[in-house]
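Following: one structure in structure tokens, then a few remarks.
Both ligands and their constituent atoms are indexed starting at 1 by order of listing. Since the model is a prediction, treat every value here as computed from it, not as a measurement.
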Amino acid sequence: MTRVLIIGALDGELGQAARIAQARGARLQQADGVAAGLARLRAEGADLALCDLAHDVGWLVEQLAAERIACPVIACGRNADAAAAVRAIRAGAKEFLPLPPDAELIAAMLQAVAGEPDAPVHRDPAMTALLERAAQLARSEASVLITGESGTGKEVLARHIHRSSRRAGGSFVALNCAALPESLLESELFGHEKGAFSGAVAARKGKFEQAEGGTLLLDEIGEMDPRLQAKLLRAIQEREIDRLGGTQPVKLDVRILAATNRDLMAEVMGGRFREDLFFRLNVVGLRIPPLRERPGDILALAEHFAGRFAAANGLPRRPLMPEALALLLAHPWPGNVRELENTLHRAVLLAQGAAIAAEAIELTPLRLERPAEVAVPARAAATPVSHPVSALVGRRVEEVERDLILETLTHCLGNRTRAAEILGISIRTLRNKLHEYRAQGAPVPVGPGQVGPMPMLPPGFYAQGG
Ligand SMILES: Nc1ncnc2c1ncn2[C@@H]1O[C@H](COP(=O)(O)OP(=O)(O)OP(=O)(O)O)[C@@H](O)[C@H]1O
Ligand SMILES: [Mg+2]
């Protein structure tokens, strides 16, 4: 369940927005101003904050950054307040929600934060069997390690396990261990006491405490550095945590799910992941097959996404024509369900006429297919195949590396996890490189789930403010 914090009075249009969010399954919290809102975020956390433009959104965003609290803030106000909206976005608000609120927009925002709210869509026998096993495991309290290539639906499965468990009434809290630098990750996980570091002006609960009575998903667990691995192991063993700067351990009742696209056993063998932690997390393992190994799911998912994106964009629901279906079935889907989802999103927006034709299906080129098959750099592949490397002679290593990284990232639709996997480097290294490139002024592709416009807002949304 998505936890939404409303900052502002509930008797006006913001209240309408709140009621729409609630009707769509969000759990609401409310605060009258930014200071009270910040206090609630420290104490309870939230997945999303909607803040009335009448309040100082910029101050809130700055304060969250200083206190290392990661929560997207959406500024809400009337279109007439264009200047205030621009100020809020400049100050770091993630989006502007025009009031009076539009129900579909709110649904799209909630979905962008929560990921897929429904049960996993499936039709292939392999996936049906996996989901049956998951349902059985869900009833236990065991830690589950979910593995699978990037975009196969690991987070979707984790949410499903939570919803099918005895903890369904509690919170589901997810933390992407690859998305944050080490110091931020530690404070996100364990929380901190007042004075723990220079920006820590007040105590704050971490994800562990936010998940009390519920489930905590540690996503991309393979990226966690050894020091935090040790701290995590202790938390799981002792069922208690220490906040940063804390003196009293805090008791916990949290079920842990972990997910990774790496071969974690190989990481253990290579000395990069603690064996004892591996066995704690991997009490039971669930491997989600890549989409190409469960072709029966392709059409079921395609139809599901076609319907969902039509609704999100206010378009009529249209069927897929047979040639379009044939294209989808023939593609090997290196980016798995996420790639299929993006393809259908484009198809829904591009399609003309009463059905979705093959012309609307734009598949990503297959030059890089699977990691094992990557023999030549992407740029070299465009030059005569007989001497791919000689075509690079005369160029600096740095330059070639940059082109390779950026092209791989484009190929992966901006998905860093997948790009790092193909490139054979850690996400951390990739992030640092991208940071460098951006500083040099290179255009760096942004993917789903990363900082940038939310994927599901209708075209022209940003123009509404002006
Ligand atoms: N069975 C499914 N039914 C509906 N949607 C799905 C399903 N599997 C995946 N998706 C969608 O595909 C996208 C990728 O899923 P998810 O984020 O769970 O994958 P992941 O394995 O965690 O990927 P990554 O390794 O990149 O984090 C999401 O938008 C999700 O909603
Ligand atoms: Mg994931």
Which atoms of ligand 1 sit under 4.0 Å from any heavy atom of [X]?
X    : answer
E341 : 11 (C), 12 (O), 13 (C), 28 (C), 29 (O)
E220 : 27 (O)
F305 : 5 (N)
E155 : 18 (O), 22 (O)

Do [X] and [Y] get their side chains close enough for a donor-acceptor pair, meaning under 3.5 Å?
X    : Y    : answer
Q63  : E67  : yes
E149 : N336 : yes
R3   : Q210 : yes
T260 : E220 : no

Does [X] reach ligand 1 with a nitrogen or oxygen that is under 3.5 Å from one of the ligand's nitrogen or oxygen atoms?
X    : result
G153 : yes
K154 : yes
N261 : no
R338 : yes

Quiz item: Under 4.5 Å between any side-chain heavy atoms of V73 and L48, yes or no?
Solution: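 In short, these two side chains do not touch, never coming nearer than 4.5 Å.
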
Self-check item: Note, W333 side chain near L328 side chain (heavy atom, < 4.5 Å)
Solution: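 SC-SC contact between W333 and L328 confirmed.
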
Practice problem: Give the contacting part of N415 toward ligand 1: side chain, backbone, both or neither, where contact means a heavy-atom distance below 4.0 Å. | Solution: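 For N415, only side-chain atoms sit under 4.0 Å from ligand 1.
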
Quiz item: For ligand 1, is any non-hydrogen atom under 4.0 Å from L157's backbone (N, CA, C, O), its side chain (CB onward), both, or neither?
Solution: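 No part of L157 comes within reach of ligand 1.
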
Please verify whether a non-hydrogen atom of [X] lies at under 4.0 Å from ligand 1.
X    : result
G151 : yes
R418 : no
H122 : no

Self-check item: Test side-chain contact (heavy atoms from CB on, under 4.5 Å) applied to A135 - qualifying residues, sequence neighbours left out
Solution: none

Quiz item: What pairs with T215 under side chain to side chain donor-acceptor pair (under 3.5 Å), at least two apart in sequence or on another chain?
Solution: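 Partners of T215 under the side chain to side chain donor-acceptor pair (under 3.5 Å) test: H162.
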
Quiz item: Do the two ring centres, one from F197 and one from H192, sit under 6.0 Å apart?
Solution: yes

Self-check item: The one among D124, V337, V121 that brings a heavy atom closest to atom 1 (N) of ligand 1
Solution: V121

